Amino acid sequence: MSIMDDIAPPPDALAEFVVEWRGASPEVRLAAIRGALRRHGIEIPALPGRVAFYEIQLFGLVATGRDEAEAAQNWMEAATRLCPFD
């Protein structure tokens, strides 16, 4: 167990989300993340004319990407690492 696990264990909402959506296709996961963001998170899209950057903050976990799809993929990969179930 790491120090991070002792300091900030993943919240139940994060673990429940990972359990429900980790096996879904990327398109379905993106839709699920969009829905969760509307209820619980923050998304920061790239500004027009700026370098592409997208940030997702959901269930206490932040991930970025060049666009929404990449940020969602990076977020799910990070969430799965925090909540391993295998």
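Since this is a predicted model, take the numbers as computed values, not measurements.
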Give me the other members of the hydrophobic cluster that I42 sits in, counting Ile, Leu, Val, Met, Phe, Trp and Tyr linked by side-chain heavy atoms under 4.5 Å, directly or via other members.
I44
All side chain to side chain contact (heavy atoms under 4.5 Å, CB included) counterparts of A79, not counting sequence neighbours:
L14, V18, L61, W75
Test side chain to side chain contact (heavy atoms under 4.5 Å, CB included) applied to A31 - qualifying residues, sequence neighbours left out:
none
Using the test side-chain hydrogen bond (donor to acceptor under 3.5 Å, both in side chains), find all partners of Q73 that sit at least two apart in sequence or belong to another chain.
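Partners of Q73 under the side-chain hydrogen bond (donor to acceptor under 3.5 Å, both in side chains) test: R29, E77.
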Main-chain N/O of A63 paired to N74 side chain as donor or acceptor, under 3.5 Å
no
Does any non-hydrogen side-chain atom of I56 lie less than 4.5 Å from one of V62?
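No, side chains not in contact.
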So Y54 and T64, do their side chains get closer than 4.5 Å, heavy atoms only?
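T64 vs Y54: side chains apart.
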Inspect the contact between R34 and E43 and indicate whether a charged nitrogen and a carboxylate oxygen are less than 4.0 angstrom apart.
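No, this pair does not count.
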M76 versus W21, closest heavy-atom pair with distance:
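Scanning both residues, the minimum pair turns out to be CE-C, 3.4 Å.
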Shortest non-hydrogen contact between G65 and A71, atoms and distance:
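G65 and A71 have their closest heavy atoms at N-CB, 3.7 Å.
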With sequence neighbours excluded, tell me which residues meet salt bridge (charged side-chain N to carboxylate O under 4.0 Å, His left out) with E70.
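For E70, the residues satisfying salt bridge (charged side-chain N to carboxylate O under 4.0 Å, His left out) (neighbours in sequence not counted) are R66.
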At what distance, to the nearest 0.5 angstrom, does CZ of F17 lie from CG of D12?
15.0 Å
When clusters are formed by joining ILVMFWY residues with side-chain heavy atoms under 4.5 Å apart, either directly or through shared neighbours, do L30 and V19 land in the same one?
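Unlinked, L30 and V19 end up in two clusters.
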